[in-house]
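Convention: sequence-line order gives letters A, B, ...; per-chain numbering from 1. Bear in mind the structure is a predicted one, so any value in this text is a computation, not a measurement.
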Amino acid sequence: MADKPKVFVVTSGKGGVGKTTFTSNLGCTLAKMGERVCLLDADIGLKNLDVVLGLENRIIYTSFDVVNGTVSAKEALVKHKQLKNLYLLAASQVATKEMMAPEDMKRMVQEIYDDFDYILIDSPAGIERGFRNSVAPAEAAFIVTTPEIPAISDADRVIGLLENYGFTEDRMFIVLNKFKANMAKRGDMLDKNDVEKALAMRLIGVIPDSEEVIIATNKGIPAVLEDGVVIGKSFENIVRRIKGEEIPIDDDLKGVSKGFISSLLSMFKKR
Amino acid sequence: MWIVDIFKRKNRQHKQTKSPKEEAAERLETMLSRRREIVKMIPVEEFEANSEEIKYAVIETLSRKFNIPPEKVRVDYHEQNGYVVIVTNVNFK
């Protein structure tokens with residue numbers, strides 16, 4: 001394993017916390033910073049990463065074709081429309097997770113390992129075969145959670161499983177997604193300190209809840225590729241923290257609570 | 001005056017109940033502190049090599065935890081999906 005991890009699995013246990021959105025936006029942020037990035041969709045049968053990236057019509061081969069030996073992993077890669085150093089290895093919609101083994105995933109990642117600076121694996125929800133497949137080639141893990149009890153509870157379970165797979169604390173990064181600062185301020189929602197305390201681990205980033213993500217997904221363009229989006233700052237900070245920079249976590253939420261005038265201006269801007 | 005009374009009552013009720021955040025933090029702590037002690041996966045190969053020692057360690061832990069003699073703890077195990085499932089039976093009588 002390399003000193004600095006380059007193969008990351010994005011996992012959570014619970015579904016709907018934003019793993020695929022996180023994977024696509026982090027991949028785009030890394031690529032924007034000049035890194036060579038490959039996104040690998042491991043959610044076989046329920047794949048969505050191609051849709052979020054707006055590449056669904058460009059898929060010819062999937063990871064299933066690679067495992068079957070029809071094509072090589074490099075031949076199955078699809079280049080992003082805007083970012084020429086960002087690639088996707090799509091998952092099949094007709095295959096099932098049981099048709100692939102952890103060893104197949106390891107072989108596939110090994111094939112492209114030297115061609116990229118970062119490989120991000122989008123894991124399916126749950127802790128069954130799909131999860132085991134996604135974790136097998138990974139050197140580090142992002143555990144995505146939201147500030148709700150079921151998501152945090154599942155994240156804790158996943159941390160326990162990852163520990164059993166040999167992941168050490170410095171290779172597990174907790175991401176708090178869909179954070180509503182106003183609700184936390186009112187005492188209606190758990191805040192970042194509560195999540196850190198519950199999981200006994202530090203957060204690598206906080207991503208504020210944002211309508212921009214829904215709009216971007218509908219367009220097939222990851223939100224961080226749009227100008228002036230609020231979550232862009234969080235993703236940049238996460239990348240810088242992975243690379244070893246010390247940035248206070250509060251920096252992720254700067255600019256979230258807009259003033260009256262800027263809210264009014266942004267309303268006009270949207271129209 | 002009755003209007004003032006309503007506000008007073010509402011204020012008192014508000015002070016007595018916990019905020020959703022506090023309640024969630026408490027529930028989470030209870031759930032997670034209980035679970036952390038249970039989750040432990042041992043690969044089959046490791047278990048096969050040290051099965052008797054592991055069995056004894058489980059018995060010892062449980063007898064200490066529940067303050068009962070080791071003879072009252074029975075441990076069985078079987079394999080499932082590549083992992084060992086340890087079934088413990090504690091006789092408290």
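Here CD of B:E22 is found 9.5 Å from CG of A:D194. Values are rounded to the nearest 0.5 Å. Taken to the nearest 0.5 Å, the CD1 atom of A:I149 stands 6.5 Å off from the CE atom of B:M31.
Residue with the most contacts toward chain B among A:V195, A:D191, A:D188: A:D188 (heavy-atom pairs, distance under 4.5 Å).
In plain terms, the two heavy atoms of A:A184 and B:K21 that are nearest each other are O-CD, 4.3 Å.
Enclosure of atom CD in B:E60 by more than 12 non-hydrogen atoms of other residues, nucleotides or ligands within 6.0 angstrom is indicated. Within 6.0 Å of NZ in A:K197 there are 12 or fewer heavy atoms belonging to other residues, nucleotides or ligands. Heavy-atom contacts from other residues, nucleotides or ligands closer than 6.0 Å to CZ of A:R186 number more than 12. Crowding of A:E169 atom CD: a count of heavy atoms from other residues, nucleotides or ligands under 6.0 Å not exceeding 12.
Between B:L28 and A:L190 there is a side-chain heavy-atom pair separated by less than 4.5 Å.
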Donor-acceptor contacts under 3.5 Å from residues 8-21 of chain A side chains, at least two apart:
{"from": "A:S12", "atom 1": "OG", "to": "A:K14", "atom 2": "O", "distance (Å)": "2.5"}
{"from": "A:S12", "atom 1": "OG", "to": "A:K19", "atom 2": "NZ", "distance (Å)": "3.0"}
{"from": "A:K19", "atom 1": "NZ", "to": "A:K14", "atom 2": "O", "distance (Å)": "3.2"}
{"from": "A:T20", "atom 1": "OG1", "to": "A:D122", "atom 2": "OD2", "distance (Å)": "2.8"}

